[in-house]
Structure formats: structure tokens, C-alpha cells
Amino acid sequence: MRESCGVFGVYAPNEDVARITFFALFALQHRGQESSGIAAADGKKISVYAKMGLASQVFSEESLSHLVGNIAIGHNRYSTTGSSRQYNAQPIVVDKGADAIAIAHNGNIINAKHLYEELYAQGYTFHTTTDSEVIVNLILSSPEKNWVDKIRYVMRRLQGAYSLTLMTKDALFGVRDPFGVRPLCLGSIDSGWVIASESCALDHIGANFIREIEPGEVVSISENGVDSYREKTERKALCIFEYIYFARPDSIINGRLLSTARQAMGARLAKEYPVAADLVIGVPDSATSAGIGYSRQSGIPIGEGLIKNRYVGRTFIEPDQRIRDLGVKLKFNPLPHILEGKRLVVVDDSIVRGTTTPSVVRLLRKAGAEEVHMRICAPPIRYPCFFGVDMATRRELIAAQKSVPEICQFIGADSLGYMNVEGLIESVALPRDNFCLACFTGDYPIAVQLEMDKLALETVQAEHEVLSKAARR
Ligand code: SF4
């Protein structure tokens with residue numbers, strides 16, 4: 001399961017804003033590993049550099065030196081809408097003379113196809129196949145006079161999830177959708193302000209965390225200072241998977257350190273599903289904290305039974321068949337010296353399709369584990385996500401097709417315990433109606449249409465591309 005993106009923005013006169021943005025993207029790499037990009041503005045123009053690859057692969061001293069100015073935004077991408085291609089890398093800059101604007105987007109716009117068709121009919125042209133370019137063109141099409149009003153106009157028309165950093169030639173904006181599906185926070189540095197998907201990015205660049213940007217809020221930062229504007233919100237719907245898996249354990253969301261929330265999940269699993277065992281393992285890295293929580297609550301020692309190859313991120317080198325056959329071994333190395341003859345409790349974040357967990361169980365048994373008891377922080381995932389998480393179709397979700405005992409048998413575990421929704425909510429210590437829980441409950445905070453719509457934007461854009469090519473001939 002992949003998250004859609006990490007976004008960042010900085011407004012800091014007299015600072016090397018591109019370098020600050022690079023290090024923030026470095027800290028947000030876990031949110032997207034397909035492409036990385038930075039756009040910078042110096043009051044007169046916007047420059048952009050974005051390519052496929054990790055931030056450390058994309059940028060060099062040379063490329064950063066061309067990104068000059070007082071303001072910058074940055075983006076790490078994992079594609080949801082729009083394929084994984086260079087032309088879809090962000091930030092996207094649309095330059096209409098005085099109206100130049102750049103966007104970095106985390107989320108997924110449900111009504112993008114409808115809005116795209118409307119803009120296309122008005123003569124707007126598109127150079128990517130992302131819903132993010134729809135947002136930026138919609139802003140430019142707004143009849144309002146100033147940028148904040150243009151953005152607020154667009155917020156009333158967009159349906160779906162969006163945490164944005166936007167930049168004009170002389171101002172930075174942070175925007176969070178009225179449901180607050182994706183996180184976004186505000187920080188300060190010596191001579192300016194920063195906006196980031198997660199607070200861990202602020203820590204790495206020496207910024208101070210000020211506060212989270214609220215659902216439905218637009219924060220505007222310019223030479224006039226920081227201003228805030230609020231759109232009406234019906235309810236909050238932060239994606240609960242930020243707590244389970246996406247965000248880094250050292251980030252703080254809603255005032256709660258993610259590591260603490262994950263330890264509480266592990267402790268809850270230990271209370272609900274006790275078992276006689278010798279060792280607890282948290283599948284690294286996302287379930288490490290939950291493993292600690294299970295161990296503390298149960299009194300069963302925790303150990304390192306699986307070592308993760310941390311540099312397995314996205315690679316553009318195709319593995320040959322022999323390497324491909326290694327499957328999960330490429331990612332995890334079991335430690336037979338520790339696992340031999342042990343009854344294990346293995347805590348993991350989630351089971352989506354059920355393609356990885358059987359391999360992990362097999363790997364542990366082959367390394368000598370006598371029993372493997374799986375404990376899962378997320379409740380069974382029975383419904384797909386429409387808000388920017390590349391999960392699976394309903395048909396592919398194992399919990400939509402099989403009962404828990406059937407899944408246990410399928411993955412080859414001795415026992416399987418899933419967290420329930422109540423336990424999850426107690427672990428994050430906030431009221432239930434703050435969260436989107438739709439992939440467990442099917443109760444979507446925003447009305448969604450048919451699953452087919454996920455592909456609809458790219459399909460209609462491809463058709464238009466063919467038509468305009470034919471017209472040019
Ligand atoms: S459906 Fe699931 S993954 Fe998608 S936003 Fe809601 S909680 Fe997150």
C-alpha cells in the first residue's frame with residue numbers, strides 16, 4: 001500500500017530555499033519515491049526542476065543552484081491519478097505571465113474528470129495526466145480577483161482529498177481540504193515560515209512546529225506576513241492510516257506522537273489476543289512501535305527477528321527472474337539465531353491483498369520459528385480507498401473475499417488477530433468522527449461514485465490527446 005505524496009513549502013527571504021526544501025523532501029521520502037521536484041520563485045519568475053527518482057538521486061549541487069529565490073515548494077510523488085511518468089512529476093508550474101502558479105499536491109480529487117472536461121471545453125490545455133493540474137487550472141479560471149479568493153473558490157468546487165503547497169511569484173500558500181484527509185502543518189525558521197506534510201520534516205531542517213493547518217484552511221504567507229482563512233467544514237476525516245502506517249513514528253499529528261499511538265495499538269492487540277509465546281517481533285519499520293507496545297503489555301520479550309533492507313525503495317533497474325523469485329527476501333532478512341525454536345508473535349501494520357504476509361510467515365518458519373501468531377494493527381480492509389491511497393480494487397482485497405479464519409489459513413499462521421475499529425480509535429485517543437475509516441467500514445466521508453471513475457480522468461485525457469493530435473495533422 002502506498003501513500004500518494006509528501007509536500008513542502010518555505011517562505012524565507014535571504015535563505016537558500018531550494019536547499020531547505022531538498023532536506024525537507026529527504027525527510028518526507030517515505031511518502032513517495034517515484035519522483036521528486038522543487039520549484040522556486042524570486043518575485044519575477046518561477047523555476048522548476050523535477051525528475052523521476054528519490055530526492056537524493058534527482059538533485060545535485062548544480063540543479064539546486066538554478067533554483068533561486070525567497071520561496072520554494074517541493075514534492076515527492078507516488079502516483080494515484082496519472083501514471084508514473086516524468087511529465088507527471090511535481091511541482092507543476094502553469095505560467096500565464098503575471099498569473100504564474102506552482103502546485104505540490106497530496107491527495108486525490110474525486111470529481112477531477114468532470115472539472116477537467118469543463119476546463120478543456122473552455123480551452124485550457126494540459127501537459128500532465130494528474131488531477132493536480134486540474135486544480136491549478138481551476139484556480140487560474142476563477143473569476144475572483146486575488147489569490148486567496150481564487151483558491152477558496154476552487155475549494156468549494158473540489159471533491160476529495162488535497163493537502164497543497166501553492167506558490168505564486170511572491171507568495172506561498174498552504175491549503176487543506178475541508179475534511180482534512182491528509183495532514184499538513186505550519187512551522188517557523190529563523191527568517192521565515194515553512195509548511196510540510198509531516199512535522200518530522202520540520203525537525204530535520206531545524207524549524208519549530210507552530211501548529212497543524214486545519215481542515216478547510218488556507219494559510220497565506222507573503223511580505224505582508226501570515227494570514228489564515230477558513231472554509232466551512234462539515235466534519236473531519238483524517239485518514240486513519242496516517243496513524244497506522246503512512247506517517248513517520250517521529251511525526252506528531254493532532255498533538256499525538258505517532259510512535260505513542262502505535263505502541264497503544266500494540267498494547268491493545270496484546271489485551272485482545274493474548275497468546276503463549278517466546279518472542280515478539282514488530283515487522284520493520286512501520287510496526288516496530290506496535291511490537292514494543294505488544295511486548296510491554298504482554299510481558300513477552302521483544303527481539304529483532306527480521307532485518308529490513310532500508311534501501312529497497314523504488315528502483316528503475318528491473319530485477320532478473322532469479323532476483324524476482326526471492327520476493328520478500330529482497331526486503332527482509334530473517335535471523336535464524338534468534339528465531340530458532342521460538343513461538344513468535346509477529347505484529348504488522350495491515351494486510352491488504354494478502355500477497356506479502358504468507359511470504360513473511362514462510363520466511364520466519366524457514367528460519368526456524370516454531371509458531372507464528374500474526375497480530376495486525378489495522379482492522380480487516382474490505383473497501384477500496386478513493387482518497388489517494390493506492391490500495392487495491394475491492395476484488396483484490398483479501399478481507400473482502402475471505403473470513404478471518406480463512407485468511408489465517410491462507411497466510412499460514414498459527415493464529416491471526418485483527419484490531420477492531422473501537423480499539424484503533426482508543427489507540428489514537430480522539431473521537432471517531434475525526435477520522436476516515438472507510439476502507440474498514442465502507443462509510444465514505446465524501447460520496448464516491450463507481451470504482452471505475454478512478455481511471456476515468458486518464459482515459460478521457462488520453463482520448464483528447466488523440467483528438468488534438470488528429471486535428472493538428
Ligand atoms: S479509505 Fe482508508 S486509506 Fe483511504 S483515506 Fe479513508 S482511511 Fe485512509
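We count ligands from 1, going down the list as the structure has it; atoms in each ligand are counted the same way.
Listed by number with element, the atoms of ligand 1 under 4.0 Å from a non-hydrogen atom of Cys439 are 1 (S), 2 (Fe), 3 (S), 7 (S). Distances below 4.0 Å separate heavy atoms of Phe387 from the following atoms of ligand 1: 5 (S). Listed by number with element, the atoms of ligand 1 under 4.0 angstrom from any heavy atom of Arg182 are 5 (S). Close approach of ligand 1 to Cys436 is summarised as follows: ligand atoms under 4.0 Å from at least one heavy atom of the residue are 1 (S), 5 (S), 6 (Fe), 7 (S). Counting the atoms of ligand 1 from 1 in the order shown, those under 4.0 Å from a heavy atom of Phe241 are 3 (S).
Between Glu426 and Lys271 there is no salt bridge, since no side-chain N of the basic residue sits under 4.0 Å from a carboxylate O of the acidic one.
Gln90 and Ser132 are linked by a side-chain donor-acceptor pair at a separation below 3.5 angstrom, with hydrogens and angles left out of the test. For the 3.5 Å distance criterion, the side chains of Asp131 and Tyr162 fail to qualify, holding no donor opposite an acceptor.
For atom 8 (Fe) of ligand 1, the set of nearby N, O or S atoms under 2.8 Å includes one belonging to Cys239. When distances to atom 6 (Fe) of ligand 1 are checked against a cut-off of 2.8 Å, Cys385 contributes no N, O or S atom below that limit.
When each of Phe179, Phe241, Tyr243 is paired with Phe435, the side-chain contact (heavy atoms from CB on, under 4.5 Å) condition holds for Tyr243 and for no other.
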Would you be so kind as to tabulate the donor-acceptor pairs closer than 3.5 Å made by side chains of residues 197-205, with sequence neighbours excluded?
residue	atom	partner	partner atom	Å
Ser197	OG	Val7	N	2.8
Ser197	OG	Val7	O	3.4
Glu198	OE1	His30	NE2	3.3
Glu198	OE1	Arg248	N	2.9
Glu198	OE1	Ser251	OG	2.7
Glu198	OE2	His30	NE2	2.8
Glu198	OE2	Arg31	NH1	2.7
Ser199	OG	Ile252	N	2.8
His204	NE2	Arg248	NH2	2.8

For residues 356-363, run the donor-acceptor check on the side chains, cut-off 3.5 Å, and write out each pair with its distance to 0.1 Å, sequence neighbours left out.
none

